[in-house]
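Heads up, the thing below is written out as structure tokens.
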Amino acid sequence: MAEPARQLPFDLVGKRVFVAGHRGLVGSALVRRLERENCVLLTIGHRELDLRRQEPVERWMKMVRPEVVFLAAATVGGILDNSMRPVDFLYDNLMIETNVIAAAYTLGVAKVLFLGSSCIYPRLAPQPMTESVLLTGPLEPTNEPYSIAKIAGIKLCQAYRRQHGARFISAMPTNLYGPNDNFDLASSHVLPALIRKTHEAKLAGLSSMVVWGTGKPRREFLHVDDLADALVFLMCNYEGEEHVNVGTGRDVSIAELTSIIQRAVGFDGAIEYDTSKPDGTPRKLLDVTRLTALGWKATIPLDAGIGQTYSWFVEHQATARRS
Ligand code: GFB
């Protein structure tokens, strides 16, 4: 079937916009960003609606009739959490994306943006990774179930475009950080984990702190407010079946990241590398040429973003997710 009509820019003003996963890191940033778009926000908590269950999802979406969907709901976690809960990362994510995307099509939702992750790409993909390296090699074993679920989501959006002409698009963000992140040391990603560890080491007057792995892997970090801005930009200005990378185009080693966080927190203790923990993918850096050519660029520098996130953590420690 032919590509759907490309009426761009796609206007959000006055539209009923469902942000699935609005309490998470990405969803909450999207809600903050969409408040500037004069649209009608639709949200629901996971206690009220389990997105893994098809019939309640169909019923709720039929009732609220969204015209636009940002699919930011997902089971997510850091390297260890991915290894410990392969069923949750595969099953939950397959169910959530299948239910929401299928219901969006059935109900005639005008446009859907599905969110993946840079871990969809092969473990040893050439760096920086262009969108075209998808499915060209084996995945990183520590997050293979999550990656497979996210690849399925991209393919489902493409399939709806091809078979039914639906305007379903996908964005692949790099590693994210910011307010409302998970600060639990067992299940979080590296950046919030190191903020908390550094802060607690400083308060306890310790002379060192533990960092997992060798410190050599390289990662690219994007502030979630930049991501939310990019997602609104893509929703309004992108129409294509290829997914679009969203990142800064710059990466740092975990050792460099630790130094930046230590400076922000004001702790200069030694670093002990716990090499019993996995390094994961040696390097993950996105090629953001496609997004830059469309007209969007990240604006929040890493040190400023980390400073802001640290302040948020200190202020919200009591309520931030810590276990
Ligand atoms: O952020 P992270 O958990 O996930 O770990 P990935 C990144 C790197 O930081 C790894 C090291 O090399 C970790 O060993 N690291 C050092 C730490 N100290 C810590 C710590 O205290 N906590 C954590 N968590 N890491 C995830 C995927 O991979 O990236 C997900 O598992 C998802 O599926 C996400 O794609 C974006 O970047 O390795």
Side-chain angles (χ1 to χ4, degrees), residues 24-26 72 74-90 92-94 115-125 127 129 134 139-154 171-178 181-201 208-224 227 245-248 251-262 265 271-286 306 309 313 321-323:
L25 173 68
V26 174
T75 290
V76 297
I79 192 163
L80 201 63
D81 201 30
N82 269 263
S83 313
M84 307 291 284
R85 300 196 293 131
V87 172
D88 301 351
F89 281 82
L90 185 56
D92 291 2
N93 289 314
L94 284 174
L115 260 132
S117 160
S118 60
C119 70
I120 58 164
Y121 295 121
R123 170 183 163 79
L124 299 177
Q127 305 286 323
M129 301 180 287
L134 183 65
L139 298 164
E140 157 64 30
T142 55
N143 57 35
E144 194 184 75
Y146 181 71
S147 314
I148 297 272
K150 289 296 181 181
I151 293 169
I154 300 173
M172 295 306 116
T174 190
N175 289 36
L176 303 168
Y177 71 98
D181 208 341
N182 169 17
F183 288 85
D184 167 52
L185 294 182
S187 61
S188 68
H189 291 100
V190 61
L191 198 151
L194 292 184
I195 285 185
R196 180 171 163 192
K197 282 185 190 176
T198 312
H199 178 69
E200 291 180 351
S208 66
M209 60 181 275
V210 174
V211 172
W212 294 355
T214 61
K216 291 186 182 135
R218 298 186 70 82
R219 296 286 184 275
E220 176 188 14
F221 296 96
L222 178 72
H223 192 283
V224 75
L227 174 74
N245 288 342
V246 186
T248 62
D251 63 352
V252 291
S253 69
I254 297 304
E256 286 162 346
L257 175 72
T258 310
S259 301
I260 299 170
I261 292 175
Q262 286 196 340
V265 174
I271 298 168
E272 287 168 29
Y273 289 105
D274 174 1
T275 51
S276 70
K277 297 286 194 307
D279 266 349
T281 311
R283 192 175 184 201
K284 259 194 289 186
L285 175 63
L286 293 178
I306 285 175
T309 305
F313 172 70
R321 214 182 127 198
R322 289 158 60 91
S323 60

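Numbering of ligands and ligand atoms starts at 1, following listing order. Note that the structure is predicted; figures quoted are calculated from it, not measured.
- Ligand 1 has no atom lying under 4.0 Å from any heavy atom of Thr281.
- Under 4.0 angstrom from ligand 1, the non-hydrogen atoms of Ile79 come from both its backbone and its side chain.
- Judged by the shortest distance from any of its heavy atoms, Glu140 lies outside the 4.0 Å radius around the atoms of ligand 1.
- Between Val246 and Ala171 the shortest heavy-atom distance is CG2-CB, 4.1 Å.
- In terms of polar-atom proximity, Cys119 is not counted as a contact of ligand 1, lacking any N or O under 3.5 Å from an N or O of the ligand.
- His189 is linked by a ring-ring contact (aromatic ring centres under 6.0 Å, His included) to nothing, counting only residues two or more places apart in sequence or in another chain.
- Residue contacts with ligand 1 include Arg219, since one or more of its heavy atoms lies under 4.0 Å from the ligand.
- The backbone N or O of Thr142 sits nowhere less than 3.5 Å from a side-chain atom of Glu144 that would complete a donor-acceptor pair.
- Within the listing of ligand 1, atoms 30 (C) sit less than 4.0 angstrom from a heavy atom of Gly77.
- Looking at Ser147 against ligand 1, nothing comes within 4.0 Å, counting heavy atoms.
- Under 4.0 Å from ligand 1, the heavy atoms of Pro278 that appear belong solely to its backbone.
- Evaluated by nearest non-hydrogen atom to atom 30 (C) of ligand 1, the leading choice among Val76, Thr174, Asn175, Asn82 is Asn82.
- In terms of polar-atom proximity, defined here as any N/O pair under 3.5 Å, Val190 does make such a contact with ligand 1.
- One side chain, Asn182 or Ser187, offers a donor N or O that lies under 3.5 Å from an acceptor on the other.
- Ligand 1 is never approached by Thr142 to a heavy-atom distance shorter than 4.0 Å.
- With a 4.0 Å cut-off on non-hydrogen atoms, Tyr146 touches ligand 1 through its side chain and not its backbone.
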